[in-house]
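Written out below as structure tokens is the structure these notes cover.
So that the names make sense, note that chain A is the first sequence line, chain B the second, and so on, each numbered from 1. Every heavy atom of this structure was used, including side-chain atoms; hydrogens, water molecules and symmetry mates were not.
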There are 2 protein chains.
Amino acid sequence: MVKRTSFEGDACPIARSLEAIGDWWSLLIIREALFGVRRFGEFQSNLGMAKNILSVRLRAMVDHGILTTAPASDGSAYQEYVLTPKGRGVFPVLVALRQWSEEFDDRPEEIATILVDRDKGRPVKKLELRAEDGRLLTPAETTLKPRPARRRSAG
Amino acid sequence: MVKRTSFEGDACPIARSLEAIGDWWSLLIIREALFGVRRFGEFQSNLGMAKNILSVRLRAMVDHGILTTAPASDGSAYQEYVLTPKGRGVFPVLVALRQWSEEFDDRPEEIATILVDRDKGRPVKKLELRAEDGRLLTPAETTLKPRPARRRSAG
DNA sequence: TTGTGTGGTTGCATCATAAAACCATGCGCC
DNA sequence: GGCGCATGGTTTTATGATGCAACCACACAA
């Protein structure tokens with residue numbers, strides 16, 4: 001197989017996420033969707049991507065439960081693509097990517113926008129990883145444990 | 001050009017991040033590196049990926065300042081690949097991907113590991129986006145603003 | 001019926017990826 | 001000091017993914 005090695009059966013949750021949204025376009029499509037974009041043509045012109053690729057990606061994300069097709073909404077007879085809760089759950093990933101760029105990009109002056117708290121107009125805080133008791137955690141202060149079996153092994 | 005449309009000059013920081021780490025393997029390589037993997041062969045066998053691709057990815061990430069090559073460390077005469085601060089800064093992205101999978105994966109029982117606080121052995125908290133004053137923010141409570149110009153326009 | 005706009009699908013050229021073969025170096029061994 | 005083997009890659013070659021352009025389908029209007 002010279003296929004693009006699927007991570008579908010992988011036990012690592014990171015690999016499993018990448019299986020769904022780890023390609024070039026999906027995260028940008030979700031970014032647009034979070035801004036309220038719903039129509040095929042709007043995705044296409046905003047992202048400047050090929051229509052066939054967009055078509056394939058939208059369908060894949062619908063299959064993954066990230067998007068849903070809604071029959072209409074503003075009168076026109078075409079369907080729309082709206083985020084499911086699973087799709088909206090990608091938001092922290094996008095924020096993490098954004099903040100990584102803001103912190104480490106070699107040409108930060110080329111970054112056009114900052115993410116702000118809508119109420120105050122002030123930049124948001126950096127995402128922080130905290131322990132159950134609220135302690136800030138560095139990567140080294142974390143570790144992986146085997147997932148505990150579900151009670152009754154989920155019959 | 002039928003190239004894989006580069007986002008290099010894009011003003012969106014998310015696109016810029018994806019330009020560097022948005023491909024199939026880079027994030028998994030960084031995941032391994034955060035676990036302490038440093039050697040070519042170890043990356044290769046842990047990830048089960050083709051050696052040529054690994055070679056290309058490692059070089060690209062070195063070029064991007066995510067990894068550095070260290071001449072040696074444990075006696076053997078080969079070089080190693082170690083994360084830079086920029087590389088370690090990817091950690092929140094990986095955590096966000098992991099948590100997305102944990103929350104929304106269709107087959108969560110296939111996820112093998114959970115991320116825990118090393119001290120207490122307890123699961124870490126979900127990443128949260130907060131305003132400057134500490135208020136929890138939903139996507140809808142955020143917005144984008146043009147980046148303010150640097151003082152003196154960085155003459 | 002023709003024309004236009006939206007929402008796609010199809011065809012074909014090109015690029016990226018993957019597997020395997022090959023090459024280079026270091027090292028144990030005799 | 002030549003032989004085999006492990007490590008760390010590079011080259012070769014086949015195929016899947018991507019991108020552009022052209023085409024098709026449907027709704028609506030004149």
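- For E42(B) and dA6(D), the CD to C1' distance is 15 Å, given to the nearest whole Å.
- Within the nucleic acid shown, Y81(B) comes within 4.0 Å of sugar-phosphate atoms alone, with no base atom in reach, counting heavy atoms only.
- Between the CG atom of L47(A) and the C1' atom of dG7(C) there is a distance of 16 Å, given to the nearest Å.
- The hydrophobic cluster around V116(B) extends to I114(B), counting ILVMFWY residues whose side-chain heavy atoms fall within less than 4.5 Å of a member.
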Using a cut-off of under 3.5 Å, enumerate the N/O to N/O pairs linking the protein to nucleotides 22-25 of chain C.
from	atom 1	to	atom 2	distance (Å)
dT25(C)	O2	Y78(B)	OH	3.4

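- For the pair Q99(A) (side chain) and L127(A) (backbone), a donor-acceptor distance under 3.5 Å is present.
- Between R39(B) and dG8(D) there is a side-chain polar atom (N or O) within less than 4.0 angstrom of OP1 or OP2.
- With sequence neighbours excluded, the residues forming a side-chain hydrogen bond (donor to acceptor under 3.5 Å, both in side chains) with K120(B) are D133(A), listed by chain and number.
- The interatomic distance linking I29(B) (CD1) with dG9(D) (C1') rounds to 14 Å, in whole Å.
- The side chain of R59(B) lies closest to dT10(D) when the candidates are dA17(D), dT10(D), dG19(D).
- Closest contact between the side chain of A50(B) and the listed nucleotides dG8(C), dT9(C), dA19(C) involves dA19(C).
- Residue R38(B) contributes atom CZ, which lies 13 Å from atom P of dG8(D) at whole-angstrom precision.
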Extract all donor-acceptor atom pairs below 3.5 Å that involve side chains of residues 87-98 of chain A and protein atoms in other chains or at least two apart in sequence.
from	atom 1	to	atom 2	distance (Å)
R88(A)	NH1	L83(A)	O	3.2
R98(A)	NH1	E102(A)	OE2	3.3
R98(A)	NH1	T113(A)	O	3.1
R98(A)	NH2	T113(A)	OG1	3.0

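- Atom CZ of F40(A) is separated from atom C1' of dT9(C) by 9 Å (rounded to the nearest Å).
- Listed by chain and residue number, nothing satisfies the side chain to side chain contact (heavy atoms under 4.5 Å, CB included) test with S45(A) (two or more places apart in sequence, or in another chain).
- Atoms CZ (R57(A)) and C1' (dG19(D)) sit 12 Å apart, rounded to a whole Å.
- Side-chain atoms of Q79(B) lie closest to dG9(D) of the nucleotides dA18(C), dG9(D), dG19(D).
- Taking every side-chain heavy atom of N52(A) into account, dA21(D) is the closest of dT10(D), dG8(C), dA21(D).
- In summary, the side chains of Y81(B) and Q79(B) do present a donor paired with an acceptor at a separation below 3.5 Å, with no hydrogens or angles considered.
- Taking atom CD of residue E80(B) and atom P of nucleotide dG8(D), one finds them 9 Å apart after rounding to whole Å.
- Other cluster members for I111(B): none, since no ILVMFWY side-chain heavy atom sits under 4.5 Å from it.
- The side chain of W25(A) sits closest to dG19(D) out of dT7(D), dG19(D), dT9(C).
- Contact check, S55(B) against dT10(D): a side-chain N or O comes under 4.0 Å of OP1 or OP2.
- Between the CZ atom of F7(B) and the P atom of dT18(D) there is a distance of 11 Å, given to the nearest Å.
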